2 protein chains.
Amino acid sequence: MSPELVTHLGYLLKHAQLQLFELTTAALEPFGLDGRQLAVLVVLGSGEPASQQEAAQRLGVDRTTMVAFVDALERKGLVERRPHTQDRRKNVVELTTTGRDTLHRASKARDAAEQEFLAPLSAPLARQLRQSLATLITPR
Amino acid sequence: MSPELVTHLGYLLKHAQLQLFELTTAALEPFGLDGRQLAVLVVLGSGEPASQQEAAQRLGVDRTTMVAFVDALERKGLVERRPHTQDRRKNVVELTTTGRDTLHRASKARDAAEQEFLAPLSAPLARQLRQSLATLITPR
DNA sequence: TATTGTTATACTCTATAACTATA
DNA sequence: TATAGTTATAGAGTATAACAATA
């Protein structure tokens, strides 16, 4: 890679994300999940049962994209759709017992991958990195 | 966005990159460039005249992808292809006078966008962020 | 009329395979 | 035979438009 490119923040962020993505993907592979699907599980597994559309908004994706995500997780037996009692246009998507167990174990595996990625930094520097990134993405 | 998601490093990196991307895109818009095209200009404008394939390797993209990049820059009048003197299978891609000028001014605009993005951090924290990211993406 | 989920379709970005010309 | 550039094509990932059911 050209030295002219590697000094720029865009390059640093892009490649940091890329490397973490690879570590995370490998860590989740035993669960038959990728990082995106785990994020969907996290959203579906937290808080009240929500409609697909609410879940899509929380993930920042289109509702049509959500259909495919839920399809994939349902094929794996991790979630189930059922019609909303009060509003039958909506689907409530709930985690199965297997889905809940997979969520817990896969989350731990993902956290371990993050720790491995951050290993070259001291604990204070790792904490500061998180803090700085959080500051930067806060709307202003 | 779900609070469960925002604490993870993958989320922080992804959204930091996304916000910087948006700032950079806006800053480069007056030059008719995006961040990717500027990166291509940087590579083509540095060092010796190289073949398209060498440039592609330095950018980490396929040579077929490089064709489209050079096509776009050539249409804008920023670069010119000419056959390599010693090996006529190769193209030497050189910046035009306009291309060189655009490279300089667009680079400054991109740097300014980075500064704007980093503005919420003190200078030492911004420096430390760069340093930590550089440490993390160093092959180990 | 408006909204939810769904399907069909299209668009972006990138790579793989095949072709031409040169070596 | 092998390589550089090109073209055609395909795949992943996502969105937009249109439709059926429901509100």
Side-chain angles (χ1 to χ4, degrees), chain A residues 1 5 10-11 13-15 17-18 21-22 24-25 28-29 32-41 43-44 48-75 79-94, chain B residues 1 5 10-11 14-15 17-18 21-22 24-25 28-29 32-40 43-44 48-75 79-94:
Chain A
M1 195 66 59
L5 294 178
Y11 177 90
L13 286 173
K14 176 179 170 183
H15 286 259
Q17 202 209 339
L18 201 60
F21 175 80
E22 285 166 7
T24 302
T25 299
L28 294 180
E29 194 275 331
L33 293 177
D34 59 26
R36 179 61 51 87
Q37 292 174 330
L38 176 56
V40 178
L41 271 189
V43 167
L44 294 176
E48 301 83 68
S51 71
Q52 283 185 205
Q53 188 143 213
E54 286 171 303
Q57 285 164 357
R58 289 207 265 166
L59 279 163
V61 299
D62 193 85
R63 64 191 167 133
T64 64
T65 302
M66 196 67 199
V67 171
F69 287 165
V70 175
D71 283 349
L73 294 175
E74 197 169 42
R75 271 194 301 271
V79 305
E80 281 174 354
R81 289 170 162 105
R82 61 174 180 77
H84 191 286
T85 319
Q86 273 77 43
D87 185 344
R88 285 169 51 217
R89 294 172 303 182
K90 297 185 180 180
N91 282 343
V92 174
V93 186
E94 283 179 318
Chain B
M1 194 66 59
L5 294 179
Y11 178 89
K14 176 179 168 182
H15 285 259
Q17 201 210 338
L18 200 59
F21 174 80
E22 285 166 5
T24 302
T25 299
L28 294 181
E29 194 275 331
L33 293 177
D34 59 27
R36 178 63 49 88
Q37 292 174 331
L38 176 55
V40 177
V43 166
L44 295 176
E48 300 81 70
S51 69
Q52 283 186 204
Q53 189 143 215
E54 286 170 303
Q57 286 164 357
R58 289 208 266 167
L59 279 163
V61 299
D62 193 85
R63 62 189 169 135
T64 64
T65 302
M66 195 68 198
V67 172
F69 288 165
V70 175
D71 283 349
L73 294 175
E74 197 169 41
R75 271 194 302 272
V79 305
E80 282 175 354
R81 290 169 161 104
R82 59 172 180 79
H84 191 286
T85 319
Q86 273 77 45
D87 185 345
R88 284 169 51 218
R89 295 173 301 183
K90 298 184 179 180
N91 282 343
V92 174
V93 187
E94 283 179 320

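What you see is a predicted model; the values in this text were computed from it and never measured. Below, chains carry the letters A, B, ... as their sequence lines are ordered, and counting in each starts from 1.
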Comparing B/K90 and A/Q86 on DNA chain D - which has the more 5′ nearest nucleotide | B/K90

Of A/V61 and A/T85, the one whose closest nucleotide on DNA chain D sits nearer the 5' end is A/V61

Sugar-phosphate, base or nothing in reach of A/D87, heavy atoms under 4.0 Å = sugar-phosphate

Using a cut-off of 4.0 Å on non-hydrogen atoms, how would the nucleic acid contact of B/R88 be classed: base, sugar-phosphate, or nothing?
-> sugar-phosphate

Between the side-chain atoms of B/R89 and the base atoms of D/dG5, is any donor-acceptor pair under 3.5 Å?
-> no

May I ask you to verify whether the side chain of B/T64 and the base of C/dT16 hold a donor-acceptor pair under 3.5 Å?
-> yes

Write down the distance between [atom1] ([X]) and [atom2] ([N]), rounded to a whole number of angstrom.
X	N	atom1	atom2	result
A/N91	D/dT22	CG	C1'	12 Å
A/D62	C/dT9	CG	C1'	13 Å
A/Q52	C/dT3	CD	P	18 Å
A/H84	D/dA21	NE2	C1'	16 Å
A/M66	C/dT3	CE	C1'	17 Å
A/R63	D/dA17	CZ	C1'	10 Å
A/R36	D/dA12	CZ	C1'	12 Å
B/Q37	C/dC13	CD	P	10 Å

How long is the gap from OG1 on B/T64 to CD on B/Q52, to the nearest 0.5 Å?
-> 11.0 Å

Once you round to the nearest 0.5 Å, how far does CZ of A/R82 lie from NE2 of A/H84?
-> 8.0 Å

Is there side-chain contact between A/V67 and A/R63, with at least one heavy-atom pair below 4.5 Å?
-> no

Could you please name the option among D/dA15, C/dT14, D/dT6 that lies closest to any side-chain atom of B/F69?
-> C/dT14

Considering only heavy side-chain atoms of B/S51, the closest of D/dA4, D/dT7, C/dT4 is D/dA4

Does any N or O in the side chain of A/Q37 come within less than 3.5 Å of the main-chain N or O of A/D34, such that one atom is a donor and the other an acceptor?
-> yes

Just to confirm, is there a sub-4.0 Å distance from OP1 or OP2 of C/dT6 to any side-chain nitrogen or oxygen of A/R81?
-> yes

With respect to the phosphate group of D/dT14, does any side-chain polar atom (N or O) of A/T65 fall under 4.0 Å of OP1 or OP2?
-> no

Does atom CD of B/E74 have more than 12 heavy-atom neighbours from other groups under 6.0 Å away?
-> yes

